[in-house]
Amino acid sequence: MNLLTAAAILAIVHLVSGAAFIRLPARERTLRFLVSFSAGTLLAMSLVHLLPESALHTGGGSGLAVLAGFFALWALEHLVGRHEHVDDVHKHGEHEPATGLSVLASLVLILHGFIDGLALAAFEHHEGWALTALLGLAAHAPAMMLALVTLLRLAGMATGPMLGVIAVTSFTIPAGALAANGGPFSHLAGNIAWFEAAVGGALIYLSTHHLLPAVEHNKRDRLALYAAALAGAVLAVLLAGLHGGEGHHH
């Protein structure tokens, strides 16, 4: 299997996952559970997978990149739109325009897709890379796309624009693979760890400032929301173990 075929398969997995999650019920109570589950997934993904791996391959210097990702997103949020929390969910209609939160979520997870493409390219010359790399990266695609769709719904984005964001996010994977495959940006594949650290910091911001508050605003379902967040975290830990087992991009 060549690099572009693997990248195309990975893009299709992300695209199909995202399109499927758009069809989930968008009722307020259902959305709160999805928000809570996504919070646990993104937070654990950053703390258990992205940050330890980036620290391992940067000699511990990735902390600066984590801070850069966190504070860059914080600053960007106040430039692109009003600050918005999960307790505003009930205020959004299906066809209201996208807000700053949708822009933030889109940017972070589009960058994550690009990094997945870089990872494929970096791992291409390892023996037996195709199946192991593809399985490792595809395994977390549904969790990441569920988080993206949830964030976009939370921001009030309509279905059409959501599909557009999902498509762009999906096809940044082959874009990343092409960019790192002998092109003018081929040096990026050697710096994935720094990008991972920055994305990890950004995901911590999204989960702690926009998603984890979901468990604080509904007393009736509080325990169930805690359980949903824990389930998302456990899933991310299991997926991180799969990444570790296949070696990811090193």
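Since the structure is predicted, the reported quantities are computational estimates derived from the model, not experimental observations. Residue numbers run from 1 in the order of the sequence given.
With contacts defined as side-chain heavy-atom distances shorter than 4.5 Å, the pair Phe70/Leu67 does not qualify. In this structure the side chain of Leu43 never reaches within 4.5 angstrom of the side chain of Leu206, judged on heavy atoms. Side-chain contact check for Leu152 versus Ser106: some heavy-atom pair is nearer than 4.5 Å. In this structure, Leu15 and Phe171 have side chains that are in contact, with non-hydrogen atoms separated by less than 4.5 Å. Side-chain contact between Phe33 and Leu225 is present, with heavy atoms from C-beta onward closer than 4.5 Å. Using a 4.5 Å heavy-atom threshold, the side chains of Met144 and Leu42 count as touching.
Of all heavy-atom pairs between Ala39 and Ser207, the closest is O-CB, 3.9 Å. Across Ala139 and Pro142, no two heavy atoms sit closer than the pair O-CD, 3.6 Å. For the residue pair Ala105 and Leu148, the shortest heavy atom distance occurs at O-CD1, 3.9 Å. Nearest heavy atoms, Ser46 versus Pro52: O-CD, 4.0 Å. Considering all non-hydrogen atoms of both residues, Ala193 and Ser54 come closest at O-CB, 3.0 Å. Here the closest heavy-atom approach between residue Ala202 and residue Val108 is recorded as CB-CG2, 3.8 Å.
Under the 4.5 Å side-chain heavy-atom criterion for Ile, Leu, Val, Met, Phe, Trp and Tyr, Leu73 and Ile110 are members of distinct hydrophobic clusters. By the criterion of side-chain heavy atoms lying less than 4.5 angstrom apart, applied directly or through intervening Ile, Leu, Val, Met, Phe, Trp or Tyr residues, Leu107 is grouped together with Phe195 in one hydrophobic cluster. Cluster annotation: Leu47 is connected to Tyr205 through the hydrophobic network of ILVMFWY side chains, with a link wherever side-chain heavy atoms come within less than 4.5 Å. In terms of hydrophobic clustering, with Ile, Leu, Val, Met, Phe, Trp and Tyr side chains grouped at heavy-atom distances under 4.5 Å, Leu111 and Val165 are assigned to a common cluster. Leu163 and Leu34 fall within the same hydrophobic cluster, where Ile, Leu, Val, Met, Phe, Trp and Tyr residues are linked whenever their side-chain heavy atoms come under 4.5 Å apart, directly or through other members.
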Go through Phe21 and Met162 one step at a time and tell me if the side-chain contact (heavy atoms from CB on, under 4.5 Å) criterion holds.
CA-CA 11 Å; Phe21 288 132; Met162 271 198 289; over 6 Å; no

Intermediate values then yes/no, side-chain contact (heavy atoms from CB on, under 4.5 Å), Leu146 and Ser38:
CA-CA 7 Å; Leu146 175 61; Ser38 297; 4.2 Å; yes

Using the side-chain contact (heavy atoms from CB on, under 4.5 Å) rule, take Leu211 and Leu151 through it: C-alpha gap first, then chi angles, then the decisive distance, then the call.
CA-CA 8 Å; Leu211 296 180; Leu151 279 161; 3.8 Å; yes

Check the pair Ile115 / Thr172 against side-chain contact (heavy atoms from CB on, under 4.5 Å), numbers first and verdict last.
CA-CA 9 Å; Ile115 292 172; Thr172 51; over 6 Å; no

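Ser36 contributes no side-chain N or O that, together with a main-chain N or O of Arg32, makes up a donor-acceptor pair within less than 3.5 Å. A donor-acceptor pair under 3.5 Å is absent between the side-chain atoms of Arg153 and the main chain of Thr159, judged by distance alone.
Taking the six-membered ring where the residue is Trp, Trp74 and Phe71 present perpendicular rings, their angle passing 60° and hence far from 30°.
In this structure, CG on Leu203 lies 10.5 Å from OG1 on Thr208, to the nearest 0.5 angstrom.
Under the side chain to side chain contact (heavy atoms under 4.5 Å, CB included) criterion, Ala143 pairs with Thr41, Leu235, Leu239, not counting sequence neighbours.
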